[in-house]
Amino acid sequence: MSARSLDGIATAARIRAELGDRIARFTAAAGRPPALGIVLAGDDPASQIYVSSKLRTAGDAGCRAELFRLPADASLDETLAVVARLNADDTFDGILVQSPLPKGMGRDAEQRVFDTVSPAKDVDGFHAQNVGLLVQKRARLVACTPAGVMQLLAREGITLAGKRAVVIGRSDIVGKPMALLLLHEDATVTICHSRTPDVAAIASDADVLVAAVGRPAYVTPAYVKPGATVIDVGINRVDDAALVAGWYPEGHPRRQVFEKKQSLVIGDVHPAVWDVAGAVTPVPGGVGPLTIAMLLANTVTAAEARAGLLATR
Ligand code: NAP
């Protein structure tokens, strides 16, 4: 392993600490802290962990964070009604509806939710209005995961102007906004997806490679230019011992984690990439903590903007 580890935990802590003054100023001016409402439908265990972490992070930072729970068999209309109540409630600045929604709500449920959250309170940055502003490089509320990656790159001194960037994945929540943000920093950006032939040939040309695929260890050394910066967005839970044994030798700390928990969270980047790349985000401890820090940043930004405390752009 020779690549530099890009520490998302430390960067996220710095981002949160820097928000302290803004939270205190808002609280003094508004007579209440910035407030985030989180809607959780169903009982998906991973979602419950993410939501607890978001609530704790917001609370620890001095914001108010409240959870609105719906049963797994709740209808989409019931979920949209909670969002509408939060839209109308002046004491909430940000609204987040945790994904995935229960399957019973239908295929377009997430899109309907994105369309319903007030753009001013859209701390996920998924509303079409905020996406449009992002395209025009004037968004205030940007999708948290790609925004966090940009913070990490900037703070680690990884410049983008004139560089080749490749994003693998084209989802609305990660791949597309990620590509736009890299473009806005003057990188030359290529997006790959499941219909792209020979992704490795394209990816291995990148100075900055972002993997947002959702397939464990998908990015092997063949996808990576020596010395490149590799951002691993993937979060994949693996419970196949043979796969884990193929990735990590006997006695490796990650293998010990697997043996203890009988499952392992692994990114989209194969461990052997660390021997080729110049810098890599670890999983866990890379992009994940940044996503939550940017949720907090977006909540504060939404609160400030709603209170007229931000200069208009
Ligand atoms: P997604 O909506 O499933 O999108 C995955 C993308 O990968 C799609 O665009 C898909 O292409 C592409 N893809 C799939 N197989 C491919 C292949 N063999 N070659 C090239 N491209 C391929 O997932 P997502 O929501 O963007 O999330 C991606 C990963 O990031 C997941 O592991 C997720 O858990 C993780 N994630 C992490 C954070 C964090 O905070 N760290 C936040 C969000 C998501 P098509 O469009 O052609 O299907």
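In each ligand, atom 1 is the first atom listed, and ligand 1 is the first ligand listed. Here, residue 1 is the first one in the sequence, and each next residue gets the next number.
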Among all protein heavy atoms, pick the one closest to [atom] and tell me residue, atom and distance.
atom: atom 21 (N) of ligand 1; value: H193 C, 3.2 Å
atom: atom 34 (O) of ligand 1; value: I235 O, 3.4 Å
atom: atom 9 (O) of ligand 1; value: R170 N, 2.8 Å
atom: atom 31 (C) of ligand 1; value: G214 CA, 3.6 Å
atom: atom 13 (N) of ligand 1; value: V213 CG1, 3.6 Å
atom: atom 2 (O) of ligand 1; value: S171 CB, 3.4 Å
atom: atom 15 (N) of ligand 1; value: R215 NE, 3.1 Å

TODO: Quick one: closest heavy-atom pair of A139 and N130, and the distance?
DONE: CB-O, 3.9 Å
Show which atoms of ligand 1 fall inside a sub-4.0 Å distance from at least one heavy-atom site of [X].
X: I168; answer: 20 (C), 21 (N)
X: A212; answer: 5 (C), 6 (C), 7 (O), 28 (C)
X: V233; answer: 30 (O), 35 (C), 36 (N), 37 (C), 38 (C), 41 (N)
X: N236; answer: 32 (O)
X: V174; answer: 26 (O), 43 (C), 44 (C)

Open item on the list: Between L160 and M150, is the side chain to side chain contact (heavy atoms under 4.5 Å, CB included) condition met? List the steps.
Closed with: CA-CA 10 Å; L160 292 163; M150 296 307 285; 3.6 Å; yes
Open item on the list: Tell me whether R14 is salt-bridged to E18, with the criterion being a basic N under 4.0 Å from an acidic carboxylate O.
Closed with: no
Task: Ionic contact status for R32 with D93, cut-off 4.0 Å - done: yes
Is it the side chain, the backbone, both or neither of [X] that has a heavy atom closer than 4.0 Å to ligand 1?
X: I173; result: side chain
X: T145; result: side chain
X: T196; result: neither

TODO: Pick, from S194, G288, G169, C192, the option with the minimum heavy-atom distance to atom 11 (O) of ligand 1.
DONE: S194
Open item on the list: If I apply the N/O under 3.5 Å rule, does Y218 come out as touching ligand 1?
Closed with: yes
- [ ] Report yes if some N/O of T291 lies less than 3.5 Å from some N/O of ligand 1; otherwise report no.
- [x] yes
Open item on the list: For R255, is the CZ atom crowded, meaning more than 12 foreign heavy atoms sit under 6.0 Å from it?
Closed with: yes
Task: Heavy atoms of other groups near E250 CD, more than 12 under 6.0 Å - done: no
TODO: Quick one: pull up OG in S99 and CZ in F126 and give me the separation to the nearest 0.5 Å.
DONE: 6.5 Å
Open item on the list: Rounded to the nearest 0.5 Å, what separates atom CZ in F92 from atom CD1 in I38?
Closed with: 10.0 Å
Task: Non-hydrogen side-chain atoms of K261 and R237 separated by less than 4.5 Å - done: no
TODO: Would you check if Q98 and D44 make a side-chain contact, meaning some heavy-atom pair closer than 4.5 Å?
DONE: no
Open item on the list: Pair T229, R4 - check side-chain hydrogen bond (donor to acceptor under 3.5 Å, both in side chains), show working.
Closed with: CA-CA 9 Å; T229 297; R4 177 160 68 103; over 6 Å; no
